[in-house]
Each structure stands twice: as structure tokens, then as C-alpha cells.
Amino acid sequence: MQSEYVPAAVEQEAQAYWDAHRCFAAPEKPGARKFYCLSMFPYPSGRLHMGHVRNYTIGDAIARYRRMQGDQVLQPMGWDAFGLPAENAALERRVLPGAWTRSNIRAMREQLRKLGFGYDWERELATCDPDYYRWEQWFFIRLYEKGAAYRKKALVNWDPADRTVLANEQVIDGRGWRSGALVEQREVAQWFLRITDYAEQLLGDLEQLEGKWPPQVLQMQRNWIGRSRGAAIRFAVDGRDEPLEVFTTRPDTLMGTTYMALAPGHPLVQEIASKNNELNDFIKQSLKQAESEGRDKLGHPTGLVARHPLTGEPLPVWTANFVLMEYGSGAVMSVPAHDQRDWEFAKAYDLPIRQVVAPGDGAEADMEAGAFVEYGTLVNSGEYDGMGSEEAGAAIVEELAKRGQGEEVVRYRLHDWGVSRQRRWGCPVPMIHCPACGIVPVPDADLPVRLDEELPPAEALPEAWLNAACPRCGGAARRDTDTFDTFVESSWYQARFCSHDSEDAMLDERARHWLPVDQYIGGIEHAILHLLYARYFHKLMRDEGLVEGDEPFARLLTQGMVLKDGSKMSKSMGNAVDPEPLIERYGADTVRLFMLFASPPEHTLEWSDSGVEGCARFLKRLWRFACDHAQGGDVASVPEAELTPPQQELRRRLHETIRKAGNVIGRRHTFNTAIAANMELLNELLRFDDASAAGRTLVRECLSAMLRMLAPAVPHAAHVLWRELGFDGAVLGQPWPEADEAALQQSVERIAVQVNGKVRAELELPTDASEDEAGQAARNDAKVLRHIAGKTVVRMIWVPHKLVNLVVRDG
RNA sequence: GCCGAGAUGGCGGAAUCGGUAGACGCGCCGGACUCAAAAUCCGGUGGGGUAGCCCCCCGUGUGGGUUCGAGUCCCACUCUCGGUACCA
């Protein structure tokens, strides 16, 4: 055996073994306890970054740990392969997006293999494979057929130079991020998924995830869905048939309404503006401005007059820049006395402020200083005077309902999900537009609608691709030219991994076997969009009978960012550390060990070159120690009773380590402390100088347990050392070590002695010492005596196996 | 503003049932080996007092509280990080 640790050779040997024995293939075994461990799949940018390495190291360590617990583990890997960078690369380097993407996948797959992650590569998928997106198209058509997908015109960011829709993130200071052209708001017909139909479930089912997902992720999802309960109230408008509907969470303030405010994009405003130049100019101006809090409240009167639903009082109708078309109905009843924005607007345009709620404690609200926004007691509200806000609100809604002018409603911040993208490198929308029949889905038999991967994205789609016969009437028709948002692909990949090779169905019984994902691991940056969409898709698939259960990810671990010099590692910051040279220099095991040891998974991880060195040193020490032991030849096993006290102590330390490591990994995934415990144990072993048969037996017991405990973190070194030491089988298939209760027993133990809560001495007592014995020993201790001399012990606290606390008082 | 998480040595972090704060690693200091260096090994390392570590005092963001005993529980603050926001 090589007494010097050469990571490259070690890692090659271990990986060759795993490959040859298909160790990570995950067949379905009915009856076995399954564990589906999934790390968020990467976008194939071409190279792994340190964030990937951390993410996948954590996932792999958990998967390997569960396997040693006896679980049937599935851990797949794939590629989130559609997206803009491929199109940009195509434009910049004259390559095809598909070729570029696939070559990146090859490079990154090689990097993942070098790191020794235990993936079932037979299930690998890329979302740009027609076999994958075919089922996405199939499923979209099912959604369309049941009304869950629909097409409507929507305002979008339109880049006139690149002739495409841009995501909000791609608009910088009102200009397209690539073209630099001024972005226009344009109405374009787009596909939407009716996620708002599931808002209530998406919110309610978060309860199932309580304690299993990080609390901040649950809260972020709740905020994003943004449920609010309130009232829809309709105000008649003079000279119009249609009333104006508003949404308010404060119906109790209805009597304080002094004007109405509409979003500049409100249809009513748009209509009037077409005949009113001044108003039209105002709208144009206000639409141009980027939305931001704190900007001045600007408005313009529309000339319309609305009627208060209870009093009939005339209320001027304004358009105002602080009213959002995207929330509620794009119109608000303005109550300047009790809403700060309404108040500021009223001050700016000299509109009346009428207080109708007074502070509940009888204090005066200063209407000149600002709005009084809290709940309180009603005033100036006729029959509602004296009621509390909640009671009054309910009474007012009841009265409105009686008159047919309003009712209680629930509103969400969440909007339907616009999934159309005017991009080439994405999943084609499987729809045909027929002049006679309208929108007609592509028949299932004709799926997938394939992208033309040979066509450079800068070139226009050829007529041959665009033209299609209408599946319904057979007439000339055109294909939909949009592709899906790439978030659609990543919303169901976890299910397809289970049925990766199913040719006649999107999913099969294997998906029901493996789902839900038992442990999902990924970055917090996906806390809202990806995780919300994937939860939504799971419910859609459930309602189509494809999967069972309400949620796709039973447990979620969000790993912290990798920092260097205090800020996130990134190319743009210039502080990125490339994993590859590090693996070359130290080996995959050292990199993995550092990732797990430097901090707990959820925390940020501060990069440290010397920290990596420290991990490398530990592995070298472990290696050398194991080699030295192996060179000592075989050992005979010796009955436990014959152990000397130092041997017994080492054995106790071993089993304490086992207990601790199992505890912290199983309960909290804090590999850092499990590794630290093993480092301590190695330090003990290095001090343990005992070449007797019993001593060597004991060392062997320690090594056996240590290699198993370290295997999830440093699988290659553990694999080779396990074999070199002549243990049975491969360490990968071994059970996790179990702590031996008998070994944990000790005859004497160290007890702290406190006087008035301060530690003053340490005692060595028999483990079975009684309270009286402990008290006596404590009082007789010289150090303790100094602190109790001349005082009265009024009380003694006895915590068995831990401490004695003498409570003393002067005199 | 609102929501969430957090604050422990020079640094990353331990101590998650209220019971010896600072495990483990890094860094630093001293020593061994060496012609020398690297590597490796051994010892020390919260601050202060002090005849060296025999001991004593202080110490987990700040100020109070509960308790025999608080990093841990309660109240009030400060700061940091993350998310989100004219959401009616």
C-alpha cells in the first residue's frame, strides 16, 4: 500500500469501482424505504462554479449518508438547458445554441464525475432534449383543453431594436440590456397559466412544509402570493352605465372617501384620454416613468364624477400615478384621512380630508401631520359612529351587499404566469393559429414540435416551419412562434427523472414510487419563482392523475452562498475561485471536505485557501495513520473485558464520536461538527501509543467506524483505505456505525462544582455517586472551601453526571 | 416601511433539553528535525491582574429581567445580512 496520499490515483480507483459496479443505479424496490435526494440542476454554462460544488457536495453527502442508513437512494442529475446565454453565445461566436449547450454539458458532466458525486447517470436528462420537451408540450395542451392555459393580450417590455419581449430584469434604466434601445410598453398576445386558481392551495399547503422548509422561504412564498381579505365596492359614475369597482382592505373608512383615483392604464382613463389631450399627455408622461416608491404623487382630473354608494355624495374621479393597474381593479377609493398615499395626494391637489376613524384610546389624531392608518373607533360616519373598525367594516360591507354595491372578497398579489417568450432556444409552444378555427393544439401524434437546431437564432424562421395545416379544418395555418419560459421546464424535471425513459407517457408508476423528493437542496435565490412554479406544476400533475400528494419537495435545504473577501464569489466581482485547478492540486475529497467542514450548510461559506490546506493536512494524516496501522499486520480480536483503562477510554471516545456524528448529521445536516468530532478522534489515535494486540484491535475498530463516518464527505479516500485495511466489501455499502451503549459507560466522571453558579472546582466521582456523596466531596474540596468558608450553604443543586452547585450566603 | 434570519477570540465556527463558553480548523507564538528552506511533528494561544497558567477579576452586540445557574428564556434597543414594497 502506498503510504503517501496521492489523491488522483485514489480517486480514479474509487470512481472506476463505482462505475464498474453501477453503484448509483437506482432501481425501484417495492417495500424498501426510498429516499429521493435531489440537488437543483445547473444551467450548462460550461464550467462549474464554487456554488455548484457546494450545493452538490451537500446533496451527495446526504445521499450517501442515507444509503448507509439502509435507504434505497435515488440521486439523479440533469441540465436546465434552454435559455438566453446559448442564444447570446450563438450571436457572438457563430455557433449553434444546441451545439454550444451540449458541449458545455459534456464539460460539466466531466467535472461532476471528477468530484465523485454518486448520481444515477442513466437517468440524466437535458431539458432541450425533444424527448423531454415533447411531454411539456403534451401537458400544456392538456392544460389548454381544461382552461388552465389561455392566451390574452398583455402589456410587455418590448425592445424595438431586438424585436423581442424582455423580462423586467433585462430592462435597465428603461433600456434593453443588449440593444440599449428605449423599451416600449406594448400589448402583445401571450400565453398564461392560471396559477391564481391555485393561489389558495399554494398558500394553504405551505402548512404541510412547516418545520421541513426554512421559515424564510415559507414566509417569502406567503408574501409573494399576498393574500388579502377586503371588500369589492362599486361606485356609480354619472352618465355611465358601468359602475367603477374598487378593492379595499378598509371598508370601515368608506365614509371618509373624498375622491376616486384610477391607474393611468385603467380602461376608463384610456378612453377619456383619447378625447382629452391634456389627460393624454399626463398619461404618456406617467407611463414613461419607472415605478418607484417615494416619487411625487402626481395626478390629473378625468372630469368624471362618481357617487358614494351609501350617501350619493359626488366624488371627483382622478387618475393618479401611485395607483397600479396590476393590483386589485386598478382603481381605489381615496380616503386621505386614513391612507398615507391618499393623504399626500390630497395635500398636493387640495382635496378634502375627512376623518372617520379616531384612535381607540381617545387620543386626537393630527390630520395635518399625516394619515391615521391604525384601526380605531368610527366618527363622522352616521349610524356607524362609535363602532370599532372591524365591526364597522363588517356592517358597512353587509349594507353594501344588501344594496348590491359590494361584497367581501379575497385578493392576491400573485398574477397568472405569463409563459410566452419570443426566443428561439426554448420549447416551442405547440399551437397552430388557423384563420378559420382560431387556436388549435398540435395533435398528440405530431408531438414534439421540434426546434430547428440547425437554424442560427439570428435568422428568421423559414416558411416551411411556420406553415402548417390546421389539424381541425385542414386549411392553411401558422405555427405559434413563441417558446416557453425556461421556468416551465424546471417545474417538473424532478418528476421526469423518475420516468426518464418513458416513451409513451409523460410520467408512469415510477414517478409515484419515488415522489415526493425527500430532500431538495439548492440556493435561496430560487425561494420564490422556481419553488412556487414547481409546487404549482406538481398540483397540476396531481390533478391530471400523474402524481400523488400535494407537494413535490418534502424537505428543503437552502445552502448559503460561497463568499470570498466578504462578498459573493462571481465572475463580475473578479473573486471567483475555479474548482478545477483546486481538484487537480488537492483532489476532490479535500475540496468536498472543505465545503462541508467550513460552515453548516445553510450558512454562507467564507472561502479560505488555508482552510483548504487544513483539510488536505487532515486527509494526509488520516492516510498515513491508516497505512502505518496496516503495515503492523493482522490483528486478533481481544475480548473487551481485558482492555486496560486507556484502552477503555479510547473506546469510549470512539463511541461518543459515533453517537455525536450520527446525531448531528441525521437531525441537522451539520457535517461540520461531525467532521470535527472525527478530527478529534484522529488526534486521540495519534496520541494512543499501544502496539499490544488489544490496542491494535481497538485502533482497527476506530478506523472501521471513522472511514464509514467520513465516507459521505470523502468517499474516494474512504473507499481505498477500507479496501487496503482489508475490511469486507466496499465502504459505500456498509451500514452507518452504531454507538455501543456499554462502551459509553465509565466508572468515574468529571463533575463541575459551582459556588453560587460560578465554577470553582472539578471533581472526579464514581459514575453512580449519590447526591449526598457528591455534596460531601464538593464541600471537602480545597478550592471550594476557600469560597464557602465562613458562609452558610443554604441550598445545593445536583445535576447528575454534570455538576454540583452550592448556594451560599454570608454568615 | 414591512417580513425573515443573525450578532460568540485575530478569522471560519462549537456549545440547540437553562448546567464547566471558545470543541475542531485556520492564523499567530515558541520548540524539534534541517547547512538552510519547505514539508512534518510537539507545545502554547479570549482579555486583564499576577510571585509563570497556585489563583483572582472580566468576558457570547447594548440595557434591563427571570433563575441556584443565561450564549441559550422574557422585555426594550442597536447593528448586519437576505427578501419585498406606492399592494389600496
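Proteins get letters first, then strands, A, B, ... in listed order; numbering begins at 1 in each.
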Trainee: Looking at B:C55, B:C68, B:C56, which one has an atom nearest to any side-chain atom of A:Lys783?
Mentor: B:C55
Trainee: Look at the side chain of A:Arg624 and decide which nucleotide, out of B:G83, B:A14, B:U40, has an atom nearest to it.
Mentor: B:U40
Trainee: Taking pairing as Watson-Crick or G-U wobble with both contacts under 3.5 Å, can you name the mate of B:G6, or confirm there isn't one?
Mentor: B:C79
Trainee: Could you tell me how far apart A:Lys802 (NZ) and B:A70 (C1') are, to the nearest whole angstrom?
Mentor: 15 Å
Trainee: How far, in whole Å, is B:U8 from B:G71 if one measures between their C1' atoms?
Mentor: 7 Å
Trainee: Select base, sugar-phosphate, or nothing to describe what A:Ser334 touches, counting heavy atoms under 4.0 Å on all strands.
Mentor: nothing
Trainee: Looking for any heavy atom pair under 4.0 Å, which part of the strands does A:Asn683 touch: base, sugar-phosphate only, or nothing?
Mentor: sugar-phosphate
Trainee: Given the P atoms of B:U16 and B:C73, what is the spacing between them in whole Å?
Mentor: 12 Å
Trainee: Name the nucleic acid region contacted by A:His415, choosing base, sugar-phosphate or nothing; use a 4.0 angstrom heavy-atom cut-off, strictly under.
Mentor: nothing
Trainee: Under 6.0 Å between ring centres: does that hold for A:Phe594 and A:Trp607?
Mentor: yes
Trainee: Please classify the glycosidic conformation of B:G61 as syn (within 90° of 0) or anti (everything else).
Mentor: anti
Trainee: Any side-chain donor-acceptor pair under 3.5 Å between A:Glu326 and A:His415?
Mentor: no
Trainee: Nearest whole angstrom, please: distance from the C1' of B:G19 to the CD of A:Glu749.
Mentor: 14 Å
Trainee: Just the rounded figure in Å: distance from C1' of B:G13 to NE2 of A:His669.
Mentor: 19 Å
Trainee: So what does A:Arg621 touch, heavy atoms closer than 4.0 Å: a base, only the sugar-phosphate, or nothing?
Mentor: sugar-phosphate
Trainee: Contact class for A:Glu762 vs. all strands (heavy atom < 4.0 Å): base, sugar-phosphate, or nothing?
Mentor: base
Trainee: For the C1' atoms, the ones on B:G10 and on B:A32, what distance do you get once it is rounded to whole angstrom?
Mentor: 27 Å
Trainee: Taking the side chain of A:Arg668 as its heavy atoms from C-beta onward, which of B:U84, B:A88, B:U16 lies nearest to it?
Mentor: B:U16
Trainee: Parallel under 30°, tilted from 30 to 60°, perpendicular over 60°: which one fits the rings of A:Phe553 and A:His530?
Mentor: tilted
Trainee: Applying a 4.0 Å non-hydrogen cut-off, can you work out what A:Pro600 is touching in the nucleic acid: base, sugar-phosphate, or nothing?
Mentor: sugar-phosphate
Trainee: Taking a pair as Watson-Crick or G-U wobble with both distances under 3.5 Å, which nucleotide is matched to B:G1?
Mentor: B:U84
Trainee: For the atom pair CZ (A:Arg413) and CZ (A:Arg227), what is the distance rounded to the nearest 0.5 Å?
Mentor: 15.5 Å
Trainee: If you look at every strand shown and take non-hydrogen atoms under 4.0 Å, does A:Gln754 touch a base, only sugar-phosphate, or nothing?
Mentor: base
Trainee: Quick one: label A:Arg760 by what it contacts on the DNA or RNA (base, sugar-phosphate, nothing), any heavy atom closer than 4.0 Å.
Mentor: sugar-phosphate
Trainee: Describe the nucleic acid contact of A:Asn805 in one word from base, sugar-phosphate, nothing, applying a heavy-atom distance below 4.0 Å.
Mentor: base
Trainee: Using both distances under 3.5 Å as the test, list the Watson-Crick or G-U wobble partner of B:C55, or none.
Mentor: B:G49
Trainee: If you look at every strand shown and take non-hydrogen atoms under 4.0 Å, does A:Val323 touch a base, only sugar-phosphate, or nothing?
Mentor: base
Trainee: Between B:A23 and B:C11, how far apart are the P atoms? Round to whole Å, please.
Mentor: 15 Å
Trainee: Under 3.5 Å for both donor-acceptor distances, Watson-Crick or wobble: does B:U40 have a partner, and if so which one?
Mentor: B:A32
Trainee: Specify the residue among A:Gly330 and A:Phe597 whose closest nucleotide of RNA chain B lies further upstream toward the 5′ end.
Mentor: A:Phe597
Trainee: Considering only the C1' atoms, how many Å lie between B:C35 and B:U20, rounded to the nearest integer?
Mentor: 49 Å
Trainee: For the pair made of CD in A:Glu613 and C1' in B:C11, what is the distance, rounded to whole Å?
Mentor: 16 Å
Trainee: For A:His787 and B:C57, what is the distance between atoms NE2 and P respectively, to the nearest whole Å?
Mentor: 6 Å
Trainee: Assign A:Val332 to base, sugar-phosphate, or nothing according to its heavy-atom contacts below 4.0 angstrom with the strands shown.
Mentor: base
Trainee: Measure distances between side-chain N and O atoms of A:Lys297 and base N and O atoms of B:C86, and say whether any donor-acceptor pair falls under 3.5 Å.
Mentor: yes
Trainee: Think A:Arg222 has a side-chain N or O under 4.0 angstrom from the OP1 or OP2 of B:G4?
Mentor: no
Trainee: Taking B:C86 as the reference, what is the distance to B:C74 when you measure between their P atoms (whole Å, please)?
Mentor: 34 Å
Trainee: Aromatic ring centroids of A:Phe322 and A:Phe345 under 6.0 Å?
Mentor: yes
Trainee: Separation of A:His603 atom NE2 from B:U8 atom P, in whole Å?
Mentor: 11 Å
Trainee: Which value, in whole Å, describes the distance between the C1' atoms of nucleotides B:A15 and B:U72?
Mentor: 10 Å
Trainee: Using a distance-only criterion (donor-acceptor N/O pair, under 3.5 Å, no hydrogens), is the base of B:G83 paired with the side chain of A:Gln219?
Mentor: no
Trainee: Do the side-chain N or O atoms of A:Arg227 get closer than 4.0 angstrom to the phosphate oxygens (OP1, OP2) of B:C87?
Mentor: no
Trainee: Is there a Watson-Crick or G-U wobble partner for B:G71 with both distances under 3.5 Å, and which nucleotide is it?
Mentor: none
Trainee: Please verify the inter-ring angle class for A:Trp318 with A:Tyr349; under 30° counts as parallel, over 60° as perpendicular, anything in between as tilted.
Mentor: tilted
Trainee: Which base sits across from B:G12 as a Watson-Crick or G-U pair, both distances under 3.5 Å?
Mentor: B:C24
Trainee: Do A:Lys568 and A:Glu525 meet the salt-bridge criterion of a basic N to acidic O distance under 4.0 Å?
Mentor: no
Trainee: Given B:G13, B:U16, B:C68, identify the nucleotide with an atom nearest to the side chain of A:Val807.
Mentor: B:C68
Trainee: Which is true for A:Gly226 with a 4.0 Å heavy-atom rule: it touches a base, it touches only sugar-phosphate, or it touches nothing?
Mentor: nothing
Trainee: How do A:Asp342 and A:Gly611 order along RNA chain B: which one's closest nucleotide is nearer the 5' end?
Mentor: A:Gly611
Trainee: Is there a donor-acceptor contact under 3.5 Å linking the side chains of A:Ser599 and A:Arg54?
Mentor: yes
Trainee: Both distances under 3.5 Å, Watson-Crick or G-U wobble: report the partner of B:U66, or none.
Mentor: none
Trainee: To the nearest 0.5 Å, what is the distance between NZ (A:Lys660) and CE (A:Met709)?
Mentor: 12.0 Å
Trainee: Would you measure the distance from the P atom in B:U60 across to the matching atom in B:G22 and give it in whole Å?
Mentor: 14 Å
